[in-house]
Trainee: 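I am attaching a structure below and will ask some questions about it afterwards.
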Amino acid sequence: MTITPPAGTITLAGKTVSRLGFGTMRLTGPGIWGDPADRATAFSVLRQAVHTYGITHIDTADAYGPHTVEHLIHDALHPYPEHVLIATKVGLARPAPDTWVPHGHPVYLRACVEASLRRLGMDRLELCYLHRIDPEVPVADQIGTLQALKDEGKIGHIGLSKVTPEQIRTVTDDITVAAVQNVLNMSGDRHDPALEFCRDLSIPYVPYRPLDAGTLARQGHTDAALNWLLHLGNHVAPIPSTSSPEHLRQLVTVVTGARL
């Protein structure tokens with residue numbers, strides 16, 4: 001049975017995937033730290049996203065847990081269907097719960113990519129984002145490391161996260177940027193100049209925290225929030241996150257108009 005991709009499709013890292021993606025940050029313990037309270041439910045959410053609702057863009061990061069979610073994705077979904085894109089991010093160290101520190105040293109980035117490959121059970125990360133640009137390390141060194149890994153066949157496409165138009169412009173002088181992932185939602189983060197900048201450069205724009213860390217969902221604005229983002233341009237592909245099967249069903253329902 002063919003499942004209609006939620007919210008239509010977008011080309012991302014060389015694959016045609018659902019515009020509604022699934023962010024996996026919430027599949028951890030409190031503080032985005034450690035294992036989820038119910039591992040079976042986390043497996044169910046991942047499998048339903050792909051196999052029941054047709055979401056083919058799964059977004060994660062080595063920092064989620066740390067490492068927890070990459071293991072969950074492997075155990076729940078491997079071997080991955082050919083049409084599914086698993087995107088991950090490297091370059092944030094996790095010294096404690098709710099603590100995130102940019103770490104862009106080339107040796108660290110290379111080690112992160114190698115470890116993500118093992119955890120996810122992949123030969124190549126089809127889309128690997130630099131999770132944050134580390135202000136203490138030259139940008140050229142950080143991007144150069146990811147490009148070297150791409151040249152070696154360990155990364156398929158390179159993305160950027162939490163970046164300004166100026167940073168995107170600097171990086172695109174040296175490499176092809178496959179996607180930009182920035183925070184954007186109709187609550188406290190309504191404006192991002194990178195949105196239009198990416199549209200003009202034909203770079204897919206992936207809004208993270210589209211429900212403002214659940215605030216908009218708790219206020220009953222899930223429908224308005226997701227559709228607001230989807231109407232900002234065909235290059236926009238939001239990645240809402242949830243640990244609840246019922247909330248996952250709601251996320252898909254509000255962008256398809258179907259009763260599921």
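For reference, positions follow the sequence shown, starting with 1.
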Trainee: List the atom of Ser18, the atom of His57, and the distance in Å for their closest heavy-atom pair.
Mentor: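 The pair with the smallest heavy-atom distance is OG-N, 3.9 Å.
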Trainee: Transitively linked via ILVMFWY side-chain contacts under 4.5 Å: Ile58 with Leu85?
Mentor: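 They do not share one cluster, since no chain of ILVMFWY contacts under 4.5 Å joins Ile58 to Leu85.
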Trainee: Just say parallel, tilted or perpendicular for the rings of His74 and Tyr80, cut-offs at 30° and 60°.
Mentor: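 Taking Tyr80 first and then His74, their aromatic rings stand perpendicular (interplane angle over 60°).
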Trainee: As a quick check of understanding, evaluate side-chain hydrogen bond (donor to acceptor under 3.5 Å, both in side chains) for Thr52 and Arg47, giving each step before the final call.
Mentor: CA-CA 7 Å; Thr52 302; Arg47 290 168 178 157; over 6 Å; no
Trainee: Where do Glu70 and Thr60 land on the side-chain hydrogen bond (donor to acceptor under 3.5 Å, both in side chains) test, with the steps shown first?
Mentor: CA-CA 7 Å; Glu70 289 184 335; Thr60 192; 5.5 Å; no
Trainee: Would you mind reporting whether Asp151 and Gln147 have side-chain heavy atoms less than 4.5 Å apart?
Mentor: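 Yes. Closest side-chain heavy atoms under 4.5 Å.
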Trainee: What's the spacing between Leu160 CG and Ile203 CD1 if we round to 0.5 Å?
Mentor: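 Taking CG in Leu160 and CD1 in Ile203, the distance rounds to 8.0 Å.
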Trainee: Heavy-atom distance under 4.5 Å between the side chains of Pro36 and Leu72, does that happen here?
Mentor: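 Result yes, sub-4.5 Å side-chain heavy-atom pair found.
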Trainee: Going through the checks in order, is the salt bridge (Lys or Arg N to Asp or Glu O under 4.0 Å) test met by Arg124 and Glu126?
Mentor: CA-CA 6 Å; Arg124 181 171 76 167; Glu126 291 298 335; 3.1 Å; yes
Trainee: Salt bridge (Lys or Arg N to Asp or Glu O under 4.0 Å), that's the test. Do Lys89 and Asp62 meet it? Break it down for me.
Mentor: CA-CA 6 Å; Lys89 299 179 284 291; Asp62 68 346; over 6 Å; no
Trainee: Have a look at Leu230 and tell me which of Val236, Leu20, Val255 forms a side chain to side chain contact (heavy atoms under 4.5 Å, CB included) with it.
Mentor: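 It is Val255, the one option of Val236, Leu20, Val255 that forms the side chain to side chain contact (heavy atoms under 4.5 Å, CB included) with Leu230.
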Trainee: Would you kindly say whether Asp59 and Tyr208 are connected by a side-chain donor-acceptor distance under 3.5 Å?
Mentor: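 No - no donor-acceptor pair under 3.5 Å links their side chains.
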Trainee: Look up atom CG in Leu125 and atom CD1 in Ile155, then write down how far apart they are to the nearest 0.5 Å.
Mentor: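 That separation rounds to 6.0 Å.
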Trainee: Donor-acceptor check, side chain of Arg94 to backbone of Ile32, threshold 3.5 angstrom: yes or no?
Mentor: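 Such a contact is found between Arg94 side chain and Ile32 backbone.
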Trainee: Nearest 0.5 Å, please: how far is CD1 in Ile239 from OG1 in Thr24?
Mentor: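 That separation rounds to 8.0 Å.
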Trainee: Side chains of Val90 and His131: closer than 4.5 Å at any heavy-atom pair?
Mentor: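 Answer no - side chains too far apart.
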Trainee: Leu130 versus Ile133: any side-chain heavy-atom pair under 4.5 Å?
Mentor: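 Counting from C-beta outward, Leu130 and Ile133 do come under 4.5 Å.
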Trainee: Does any N or O in the side chain of Lys150 come within less than 3.5 Å of the main-chain N or O of His157, such that one atom is a donor and the other an acceptor?
Mentor: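 Checked: no pair found.
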Trainee: Consider side chain to side chain contact (heavy atoms under 4.5 Å, CB included). Of Val163, Asp173, Asn182, which one does Ile168 pass it with?
Mentor: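 Answer after filtering Val163, Asp173, Asn182: Val163.
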Trainee: Is a side-chain donor or acceptor of Asp192 paired with a backbone partner of Ala194 at a separation under 3.5 angstrom?
Mentor: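 The answer is yes, because a donor-acceptor pair under 3.5 Å joins these two groups.
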